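Reading through the structure tokens given below for one structure.
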Amino acid sequence: MKARKVTDGLVKVFVWLCAGITAALLIWILVYIMSRGLPHVTWEYLTSKFGGDDHGIYPMIVSTLCLVGLTLLFAAPVGVFAAVYLVEYAKPGKLVNVIRFATECLSGIPSILFGLFGFIFFVQICNFKFSLLSGALTLALMVLPTIIRTTEEVLKTVPVSYKEGSLALGANKLYTLFRITLPSALPGVLTALILSIGRIVGETAAVFLTAGMVYRVPKSIFSSGRTLAVHLYAIANEGFSFDECFATAAVLVVLVLLINFAADLAGKLLIRRLGGGQPN
Amino acid sequence: MEEKLERKATRRRRTPAEFIMENLFLLCALASIAAVAVITVYLFVSGTPAIFKIGAKEFLLGTVWKPTEGQFGILPMIICSVVSTVLAVGAGGVIGVMTAVFMAELAPPWLTRLLRPCVRLLAGIPSVVYGYFGLTLIVPLIAKLSGFAGNSLLAVIVLLAMMILPTIISISEDALRAVPRAYKEGSLALGASHSQTIFKVLLPAARSGILSALVLGVGRAIGETMAVILVAGNTPQIPTSLFDSVRTLTINIAFEMSYAEGLHREALFATGVVLFLFIMALNILLNVLTRRREKKNA
């Protein structure tokens, strides 16, 4: 009996230890990057150009924003509509299984292969060259599974009574979808898009093979642009000063923190909106 | 007669919009299939010619990668990818599953609520930031402790183990929470201790979910590029110790793509094909696991 208690205690210590390691790793990374990077993130750093005497990241911020916007422009409608089809229209069967499997496969493909494909297909065959357009099309394929799956989950949680009420009042299915179902699921759809933004901002391998590494402010969607993540890789590789690298890394981490916070906020909004509408 | 016509007209007026939109939704849903098909076709079309030109045996089993001398053997990269992935999933798997056990069973609810966003944050940190963290902290640390250059297989494994933690934790936690309460209550009622219940009842019952988590972890680890490229050292050689400078399949593609021409570039596409085959095998394994679990639950 005593031996059992000892093993029990040891096992619990081991489990606590593992959880501790996980938490410690996160804190270690955050504190390390932020403490070394944040002091160097000045207004001038954020707003000046790069190259020559300038060491700012303004062009990279612009490129990142353009890439995020353009990618969502392609991926958001397709992803949301695909989820609508899967939840509201599709009947269970072979087609749905194949779509599910394809979506799963897509989410399992590593970003370097998306980059390679984008390089072969969009950059070379479609002849879009290294451009924001090539990058955005590649990334749109990459974030599609995230948008589809998250939106699907949300659409499933919209109470049936909402739809039944609308249909009973004589509205057709399409009207119900656009006036009732999608608006009530809106915060959830927003979460899906915010999660995708997180992936786009943090992506490197798929971006530098398709959007290139030119560190000027992009003039149009056909010009190359360097995002923040690609910038960090480039300057780390070229052996620039540590301060500069840490500052870019800190900006990236702050962005990720903000994106996570926004996703949480949207999630809470969804619960408030749908929580009050339970049948009875 | 007039009424009948009118009814027909209203029905027609409503139907085209619905018809068009329904087909538009279907088209969007088919986009995933189209994407996977196009990616597969173009990767294979661009990658396989090089395999035939170099010779499948020389390409897959060749141990020397010297593009300038026309030697394209990727065996060192394959071995390095497999070894680093297996060891990283071994280490990350134990820590990750135990953290999931902690969150699902041992931790007070407030601590779980605190840990969950942490795990999500760990998943959200860009891989290039992990890479830079590894380059400036883990690599010097290894160099100091071992006396070798720090860019090494060990640095790759440590970094990969960290990066797959969130995937393993969140999926294992879900699997553990999905185990019916009656299992736990039955075990405790029979006099088993809490730890015995966790390790002899709950973990075995959540086995297939945890296995899925590990398979996903393998997929993430073998496909990771930007984090490992900064710490691996990038020498294409078969590693003989943990402190050797190494190069994975992913690094091979990302590192040389910018300047490769001709057959060299095609060989990089072919490297992509090999990686793609690994990933597809994992996807199919995952699909089988999920189906089996669904069948069991039904």
Side-chain angles (χ1 to χ4, degrees), chain A residues 4 7-8 11-12 14-16 18-19 21-23 25-26 29 32-33 78 81-82 84-86 89 98-99 101-106 108-113 116-117 119-121 141 144-145 148 172-174 198 201-202 204-205 209 229 232-233 236 242 245 249 252-253 256 259-260 264, chain B residues 14 17-18 21-22 24-26 28-33 35-36 38-39 42-43 46 94-95 98-99 101-102 106 115 117-118 120-122 124-129 132-133 135-137 162 165 169 193-195 219 223-226 230 250 253-254 257 269 272 275-276 279 282-283 286-287:
Chain A
R4 194 178 107 169
T7 14
D8 248 42
V11 164
K12 275 189 186 164
F14 181 62
V15 173
W16 272 88
C18 287
I21 291 176
T22 303
L25 280 177
L26 177 73
I29 296 180
Y32 181 73
I33 298 281
V78 176
F81 283 172
V84 164
Y85 180 80
L86 287 172
Y89 288 92
V98 175
I99 294 174
F101 180 62
T103 314
E104 241 173 71
C105 282
L106 211 54
I109 295 176
S111 56
I112 181 76
L113 287 182
L116 199 59
F117 166 74
F119 177 77
I120 293 168
F121 191 74
L141 295 179
L144 199 59
I148 294 179
N172 67 25
K173 204 169 173 181
L174 201 61
V201 168
T204 314
L209 285 174
L232 175 57
Y233 170 63
F242 282 134
C245 296
L252 273 171
V253 171
V256 167
I259 288 166
N260 264 23
D264 272 0
Chain B
R14 202 191 294 166
E18 292 230 329
M21 286 311 280
E22 192 174 333
L24 180 67
F25 295 151
L26 174 63
C28 289
L30 293 178
S32 310
I33 302 181
V36 172
V38 172
I39 291 175
Y42 277 96
L43 275 184
S46 331
V94 171
I95 296 176
M98 287 306 119
T99 307
V101 165
F102 180 77
L106 288 182
L115 272 172
C118 287
R120 237 179 311 142
L121 199 58
L122 213 52
I125 294 176
S127 53
V128 64
V129 173
Y132 196 65
F133 172 77
L135 178 68
T136 54
L137 206 89
M162 284 170 73
L165 275 181
I169 293 172
S193 70
H194 195 183
S195 321
E224 183 48 54
T225 314
M226 300 326 280
L230 289 173
T250 51
I253 303 169
M257 203 61 207
F269 293 160
L275 181 62
F276 188 73
I279 295 291
L282 288 174
N283 272 336
L286 198 64
N287 195 262

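Naming: A, B, ... by sequence-line order, numbering from 1 per chain. Because only heavy atoms are used, hydrogens play no part in the values below, and waters and symmetry mates are left out as well, while side chains stay in. Just so it is clear, the model here is predicted, and its values are computed rather than measured.
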Please look at Ile33(B) and chain A and tell me whether the side chain, the backbone, both or neither of the residue comes under 4.5 angstrom of a heavy atom of that chain. both
Residue part contacting chain A, namely of Ile279(B), when any heavy atom lies under 4.5 Å: side chain
For Leu106(A), is it the side chain, the backbone, both, or neither that has a heavy atom closer than 4.5 Å to a heavy atom of chain B? both
Given side chains that start at C-beta, do those of Phe121(A) and Ile39(B) come closer than 4.5 Å, heavy atoms only? no
Gap between atom OG of Ser46(B) and atom CZ of Phe117(A) - 0.5 Å precision: 9.0 Å
If we define contacts as heavy-atom pairs under 4.5 Å, which of Val256(A), Ile120(A), Asn260(A) has the most with chain B? Ile120(A)
Do the non-hydrogen side-chain atoms of Met257(B) and Leu116(A) ever get within less than 4.5 Å of each other? yes
Ile148(A), part contacting chain B, at a heavy-atom distance under 4.5 Å: side chain
Heavy atoms only, distances under 4.5 angstrom: which of Ile259(A), Ile109(A), Leu86(A) has the most pairs with chain B? Name it, please. Ile109(A)
Under 4.5 Å from any heavy atom of chain A - which part of Ser193(B): both
Heavy-atom distances under 4.5 Å only: say whether Leu209(A) touches chain B with side chain, backbone, both or neither. side chain
Of the listed residues (Ala236(A), Cys18(A), Ala205(A)), which shares the most heavy-atom pairs with chain B below a 4.5 Å separation? Cys18(A)
Between Ala249(A), Gly198(A), Ala229(A), which residue shows the highest count of heavy-atom pairs closer than 4.5 Å to chain B? Ala229(A)
If you count heavy-atom pairs within less than 4.5 Å of chain B, which of Val253(A), Leu141(A), Leu25(A) leads? Leu25(A)
Please state whether the rings of Phe25(B) and Tyr89(A) are parallel, tilted or perpendicular, taking 30° and 60° as the class boundaries. tilted
Checked Thr7(A), Ile33(A), Ile29(A), Val201(A) vs chain B; the most non-hydrogen pairs under 4.5 Å come from Ile29(A)
Heavy-atom distance under 4.5 Å to chain B: side chain of Val11(A), backbone, both or neither? side chain
Any side-chain heavy-atom pair of Tyr132(B) and Phe242(A) under 4.5 Å: yes
Heavy-atom distances under 4.5 Å only: say whether Leu26(B) touches chain A with side chain, backbone, both or neither. both
Report which part of Ile169(B) has an atom under 4.5 Å of a heavy atom belonging to chain A: side chain, backbone, both, or neither. side chain
Ile21(A) portion near chain B, given a 4.5 angstrom heavy-atom threshold: side chain
With a 4.5 angstrom heavy-atom cut-off, could you sort out which part of Phe119(A) is near chain B: side chain, backbone, both or neither? side chain
Contact origin within Thr225(B) toward chain A - heavy atom pairs under 4.5 Å: side chain
Between Ile125(B) and chain A, which part of the residue has a heavy atom less than 4.5 Å away: side chain, backbone, both or neither? both
Using 30° and 60° as the class boundaries, would you call the ring planes of Phe102(B) and Trp16(A) parallel, tilted or perpendicular? perpendicular
Is the shortest heavy-atom distance from the side chain of Phe101(A) to the side chain of Val36(B) under 4.5 Å? no
